[in-house]
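Presented below is the structure to which this report refers.
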Amino acid sequence: MKWEGNRESDNVEDRRGDENTGGGLGGRHIGIGSIVIALVASYFFGVNPLTVLSLLSGGGGGQVSTNQQAHQSRPAANDRETKFVRTVLADTEDVWTELFRARSAQYTAPHLVIFDNLTSTACGKGESATGPFYCPSDSKVYIDLSFYRLMRDRFNVGGEFAQAYVIAHEVGHHVQNLLGISEKVHDARARASLIQGNALSVRMELQADCFAGVWAFHANQARSILEKGDVETALNAATAIGDDALQRKAQGQVVPDSFTHGSSEQRVRWFSRGLESGKMEQCDTFQTKQL
């Protein structure tokens, strides 16, 4: 992936090294990695999966904790991995600003927080084991960069474009939040059964995958970021974190009714749909019958 020399975002806060235990659970985390902890974390990390199931099924956005308010925002470090995150975030800012402008709307960019181990959020306590996630209550993307090493070492997914896809997916959730989709789905899930709620969550996640593809389409058109093999690495990432693949790895069987992010095939299909079309309108996972 070609990214060096491109603009870097200032909307990045580095909390690594902070001694912060965060607040209690009670908000909504929407994340590409949340299913990882629920199914695999007890195996990989020794973390109780019920912790993340609580995050996934939590109520409305909570209040910002005292620790969160006390955070002093500081610039992120200048190591290559951090510069990459800042550059990808800036690229999403450029793409979505233009796409919203074309719809006569204004795009408000999210902030991205880099942390290690644990941090406080407006959605409650954020843990590394949850994987990257978006908190709609404070409009921030949270990521522990060790997740990229987990992708490489545990799921055999490497490549910078696959890492960019992870960020773009979380920004896709921010787009959903700005469009009012997140709140509607959250309200619908509160009235639905567990199985119906899971199905709504799947549609939410697949739309974020599609939005990530839309970003990649426009970023490549504007700045030629894609190199040979990049798309394959992103598709490998989508495949590796499909619910069926994770369930099969963790428990040896697949339970479709418990899916919250979509199967590997579905994730690949919707990311590819966004990447090939570049159109937000092609990402309406809530109206289609066939995912």
Side-chain angles (χ1 to χ4, degrees), residues 1-9 12 31-36 40 44 76-95 112 114 116 128 130-134 141-173 205-206 208-246 249 261-278:
M1 175 179 171
K2 299 177 183 177
W3 61 272
E4 292 179 284
N6 290 344
R7 183 178 75 84
E8 298 178 24
S9 175
V12 176
I32 197 171
S34 54
I35 189 65
V36 175
V40 189
F44 286 155
N78 278 318
D79 58 282
R80 178 181 174 85
E81 198 171 35
T82 307
K83 287 173 69 69
F84 170 77
V85 170
R86 288 203 303 260
T87 302
V88 172
L89 185 64
D91 209 304
T92 66
E93 293 167 355
D94 294 342
V95 167
L112 185 147
I114 303 173
D116 50 21
S128 297
T130 310
F133 62 89
Y134 172 72
V141 172
Y142 292 84
I143 183 169
D144 183 328
L145 299 183
S146 65
F147 181 75
Y148 289 150
R149 291 183 282 281
L150 174 66
M151 287 174 61
R152 182 187 64 236
D153 298 339
R154 296 293 188 180
F155 297 102
N156 297 316
V157 176
E160 289 177 329
F161 187 60
Q163 296 176 359
Y165 154 72
V166 170
I167 296 173
H169 173 96
E170 300 309 331
V171 173
H173 284 308
E205 295 296 330
L206 294 179
D209 281 333
C210 188
F211 282 164
V214 169
W215 159 75
F217 173 91
H218 290 281
N220 190 52
Q221 276 205 332
R223 287 167 287 282
S224 300
I225 65 169
L226 293 180
E227 297 179 296
K228 184 177 180 180
D230 279 346
V231 172
E232 286 75 13
T233 66
L235 296 180
N236 287 341
T239 298
I241 55 180
D243 284 333
D244 52 341
L246 291 173
K249 189 178 185 72
H261 284 59
S263 69
S264 296
E265 181 182 2
Q266 289 170 333
R267 302 200 73 162
V268 167
R269 181 185 306 125
W270 283 96
F271 173 75
S272 299
R273 186 166 182 167
L275 178 62
E276 292 166 3
S277 70

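No hydrogens, no waters, no symmetry mates; every other heavy atom, side chains included, goes into these values. For the single chain, residues carry numbers from 1 onward in sequence order.
The side-chain heavy atoms of Val166 and Phe147, taken from C-beta on, include a pair separated by under 4.5 Å. In this structure the side chain of Ile225 never reaches within 4.5 angstrom of the side chain of Trp3, judged on heavy atoms. Looking only at side-chain heavy atoms (C-beta outward), Ile143 and Leu112 come within less than 4.5 Å of each other. Between Thr82 and Leu145 the shortest side-chain heavy-atom distance falls below 4.5 Å.
The minimum heavy-atom distance between Ala90 and Ser9, with the atom names listed, is CB-N, 3.4 Å. Counting all heavy atoms, side chain and backbone alike, Trp215 lies closest to Ala164 at CH2-CB, 3.9 Å. The heavy-atom pair separating Val141 from Val171 by the smallest distance is CG2-N, 4.4 Å. The two residues Gly278 and His218 have their closest heavy-atom pair at O-NE2, 2.6 Å. In plain terms, the two heavy atoms of Gly172 and Ala208 that are nearest each other are C-CB, 4.3 Å. For the residue pair Asp91 and Ala219, the shortest heavy atom distance occurs at OD1-CB, 3.1 Å.
Here the CZ-CH2 distance, from Phe211 to Trp270, works out to 10.0 Å after rounding to the nearest 0.5 Å. Separating the CG atom in Asn6 from the CZ atom in Arg223 is a distance of 6.5 Å, to the nearest 0.5 Å. The OG1 atom of Thr87 sits 15.5 Å away from the NZ atom of Lys2 when rounded to the nearest 0.5 Å. With rounding to the nearest 0.5 angstrom, the CE atom of Met151 is 6.0 Å from the CD atom of Gln163. A distance of 6.0 Å separates CG in Asp209 from CG in Leu206, rounded to the nearest 0.5 Å.
Relative orientation of the His173 and Tyr134 rings is parallel, given thresholds of 30° and 60° on the angle between their planes. The aromatic rings of Phe133 and Tyr142 sit parallel, their planes meeting at an angle under 30°, below the 60° perpendicular limit.
Looking at Glu4 and Arg80, a side-chain N of the basic residue comes within less than 4.0 Å of a carboxylate O on the acidic one, giving a salt bridge.
Residues satisfying the side-chain contact (heavy atoms from CB on, under 4.5 Å) criterion with Glu276, sequence neighbours excluded, are Ser272. Among residues two or more places apart in sequence or in another chain, the side-chain contact (heavy atoms from CB on, under 4.5 Å) test is passed with Arg149 by Glu81, Ser146, Arg152, Asp153. Asp230 pairs by the side-chain contact (heavy atoms from CB on, under 4.5 Å) definition with Met1, Phe161, Leu226, Glu227, not counting sequence neighbours.
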